[in-house]
There are 2 protein chains.
Amino acid sequence: MKRCPPLGDPAALRALQDALYVVGGKWKLPIVQSICNGNHRFRDIERSIPGITTRMLSKELKELEMNGIISRTVHADIPVTVLYEPTDYSKVYGPIIMAMIEFGLVHQQKMKAR
Amino acid sequence: MKRCPPLGDPAALRALQDALYVVGGKWKLPIVQSICNGNHRFRDIERSIPGITTRMLSKELKELEMNGIISRTVHADIPVTVLYEPTDYSKVYGPIIMAMIEFGLVHQQKMKAR
DNA sequence: CGGAATCCGCGCCGATACTG
DNA sequence: CAGTATCGGCGCGGATTCCG
């Protein structure tokens, strides 16, 4: 039998599923990317992600905030402005992002070669 | 502004989404785990994953095979036996799995601490 | 500007039955 | 044993409208 990923531990599997939940879905990554790229306002983020609706953006931002990935601060100007920013915590995100990009690129090559 | 994940490149984002697709969903990881843990027959895998249906298992196995993560070999015995095994390629999977487990564990702690 | 509310279609996925 | 076929619910998410 070939070498295989270290998924023996049930706790590891749960951690994995959790990570998948936090990072998964259609819009989470594009949103994080957008914010990290300098878009901090709702409208800016919205316009930077083709196809997303306000409903989805609102919902996903809420989840990302609850998971501590981004922060939301309201400035009581008129009209109100709201700033979304990556938290320090979002850094622990880095390795997984890198690993997934790595995997994705390798996988694209692998698939193209057939 | 805080440090943030390196998601600037659109190609990187696409790779990321691809990876998410290959690894994502409710059953993919449990299935890979089961196979890596020594279950190689359809029934064995099925019984090792509480709640999964034959329909889902069949569908997911097909996708995993198409993506080169596992191999399927038919032995023309009576009755027919089919062996599912992790491929060498599934190794490139390793880092992402580790990174996600790491993230998941950290995240669990982070969430618990509130 | 920054959302919330509502409506609704489509596809994921579960349950069940059947086949080689 | 190793699946396929069919039906159906229900929830994800898109489109649109409205609000402070």
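Keep in mind that the numbers below use all heavy atoms, side chains included, and drop hydrogens, waters and symmetry copies. Protein chains get the first letters and strands the later ones, always in sequence-line order, with residue 1 at the start of each.
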Check whether the side chain of B:Arg55 and the base of D:dT6 form a donor-acceptor pair under 3.5 Å. yes

Please confirm whether any donor atom in the side chain of B:Thr54 sits under 3.5 Å from an acceptor in the base of D:dT4, or the reverse. yes

Are any of the side-chain heavy atoms of B:Arg72 and B:Val82 separated by less than 4.5 Å? yes

Answer whether the closest heavy-atom distance between the side chains of B:Leu57 and B:Phe42 falls below 4.5 Å. yes

Would you tell me if any nitrogen or oxygen in the side chain of [X] comes within less than 4.0 Å of OP1 or OP2 on [N]?
X	N	result
B:Trp27	C:dG14	yes
B:Lys62	D:dT4	yes
B:Arg41	D:dC1	no
A:Tyr84	C:dG3	yes
B:Ser58	D:dT4	yes

Full working for side chain to side chain donor-acceptor pair (under 3.5 Å) between B:Thr87 and B:Ser71: CA-CA 6 Å; B:Thr87 61; B:Ser71 69; over 6 Å; no

Contacts of A:Arg72 and B:Val80 projected onto DNA chain C by closest heavy atom; the upstream (5') one is A:Arg72

In terms of relative ring orientation, are A:His107 and B:Tyr89 parallel, tilted or perpendicular, with 30° and 60° separating the classes? parallel

Co-membership, hydrophobic cluster, residues A:Val74 and A:Met66, 4.5 Å side-chain: no

5'-most contact on DNA chain D: A:Gly51 or B:Arg47, nearest heavy atom basis? B:Arg47

Most 5' of A:Lys26 and A:Pro79 on DNA chain D, judged by nearest nucleotide: A:Lys26

[atom1] of [X] versus [atom2] of [N]: gap in Å, rounded?
X	N	atom1	atom2	result
B:Tyr21	C:dG11	OH	P	14 Å
B:Glu60	D:dA2	CD	P	18 Å
B:Phe42	D:dT4	CZ	C1'	10 Å
A:Glu46	D:dT16	CD	P	14 Å
B:Lys59	C:dC12	NZ	P	7 Å
B:Leu57	D:dC1	CG	P	13 Å
A:Asp77	C:dC1	CG	P	14 Å
B:Ile31	C:dC13	CD1	C1'	13 Å

